[in-house]
Amino acid sequence: MVTEPQLQAKRPVSAPLAGPYGHPFHPILVTVPIGAWVTSLVFDIASRTVGSPGFLTQGSEWLIAVGVIGALLAALTGFLDLFALPRATPAFRTALVHMTLNLLVTGAYVVNFLWRYGDHTDGGRVGVGHLVLSAVSVAVLGLSGYLGGKLAYRYGVRVADENTQAEGYTPGRGASRSHPSV
């Protein structure tokens, strides 16, 4: 039985901005900063192992910038999802921790970008401090991603209600149990 607060949490505050019912924009937008920041860490590590690392150092710097821009866009849609959650619920508390961790990671990457901005011009490798900050940031990002998954897959935030989800598992006309239609 789906309660009214559960339905409220699944409906968008603004469908044009947050995504339509059952298909929010936030999960797809988070792939940009995650991919950019993980790749920047790979570039940071690689810059410490190759002979001429300047291109990796420069690439990492710009991947960090792309990740920050992507994170800001994802945060906008994430805020809209947060506003739909009923207060004083486990989902809301989890969302607040998720948001706080993401804001901390984004702030850390802004600092990391400003700290290393222009350092690639000497063709050197990424400094140990930059590398450590990136590694810690990716680890915290992983924890935040776990919480984001909990919001979507355990609490069903901004996904279809149980009755709508059940439609995907109901055999249609002409479908057999061994060969479901796609």
Q: Could you tell me whether the side chain of His98 and the main chain of Ser144 form a donor-acceptor pair under 3.5 Å?
A: yes
Q: Report yes if the side chains of Phe55 and Phe43 come closer than 4.5 Å at any heavy-atom pair, otherwise no.
A: no
Q: Provide the closest heavy-atom pair for Ser47 versus Pro53 in the form atom of the first, atom of the second, distance.
A: O-CB, 3.1 Å
**Q.** Joint hydrophobic cluster, Leu56 plus Val66, side-chain heavy atoms closer than 4.5 Å
**A.** no
Q: Quick one: closest heavy-atom pair of Ser137 and Val105, and the distance?
A: O-CG2, 3.7 Å
Q. About how many Å separate CG of Leu82 and OG1 of Thr94, when rounded to the nearest 0.5 Å?
A. 11.0 Å
Q | Separation of Phe25 CZ from Leu76 CG (nearest 0.5 Å) | A | 13.0 Å
Q | Ser134 and Asn112: side chain donor to acceptor below 3.5 Å | A | yes
Q: Treat each ILVMFWY residue as a node, draw an edge where side-chain heavy atoms are under 4.5 Å apart, and state whether Val136 and Val128 are in one component.
A: yes
Q. Taking atom CD of Gln58 and atom CG of Leu63, what is their separation to the nearest 0.5 Å?
A. 10.5 Å
Q) At what distance, to the nearest 0.5 angstrom, does CG of Asn102 lie from CD1 of Ile34? A) 8.0 Å
Q: Answer yes or no: is there a donor N or O on one side and an acceptor on the other, between the side chain of Arg87 and the main chain of Leu85, under 3.5 Å?
A: yes
Q.
Keeping Arg48 on the side-chain end and Arg125 on the backbone end, is there a donor-acceptor pair under 3.5 Å?
A. no
Q. Is the Trp115 ring parallel, tilted or perpendicular to the His130 ring (thresholds 30°, 60°)?
A. tilted
Q) What are the two closest heavy atoms between Val30 and Pro33, and how far apart are they? A) O-CD, 3.2 Å
Q: Kindly indicate whether the side chain of Val32, heavy atoms from C-beta on, has any atom under 4.5 Å from the side chain of Leu73.
A: no
Q. Taking C-beta and beyond as the side chain, do Arg116 and Asp44 meet within less than 4.5 Å on heavy atoms?
A. yes
Q: Report whether Val38 and Val68 are members of the same hydrophobic cluster (ILVMFWY, side-chain heavy atoms less than 4.5 Å apart, transitive linking).
A: yes
Q) Are Val138 and Val42 joined in one hydrophobic group, where the rule is that I, L, V, M, F, W and Y side chains link up if heavy atoms are under 4.5 Å apart? A) no
(Q) Would you say the rings of Phe113 and Tyr117 are close, in the sense that their centroids are separated by under 6.0 Å? (A) yes
(Q) Please verify the inter-ring angle class for Phe79 with Phe83; under 30° counts as parallel, over 60° as perpendicular, anything in between as tilted. (A) parallel
Q. Rounded to the nearest 0.5 Å, how far does OH of Tyr146 lie from CG of Leu143?
A. 9.0 Å
Q. Is there a donor-acceptor pair closer than 3.5 Å between any side-chain N or O of Thr31 and the backbone N or O of Ile28?
A. yes
Q: Report yes or no: does His26 contribute a side-chain atom to a donor-acceptor pair with the main-chain N or O of Ala74 at less than 3.5 Å?
A: yes
Q) Backbone N or O of Thr57 within a donor-acceptor pair of the Ser60 side chain at under 3.5 Å? A) no
Q: Could you tell me whether a side-chain N or O of Thr100 sits under 3.5 Å from a main-chain N or O of Leu96, the two making a donor and an acceptor?
A: yes
Q: Output the distance between atom CG (Leu133) and atom CD1 (Ile64), rounded to the nearest 0.5 Å.
A: 8.0 Å
Q | Check: Trp37 main-chain N/O paired with Ser40 side-chain donor or acceptor under 3.5 Å | A | yes
Q. Leu104 and Leu151: same hydrophobic cluster, using ILVMFWY side-chain contacts below 4.5 Å?
A. no
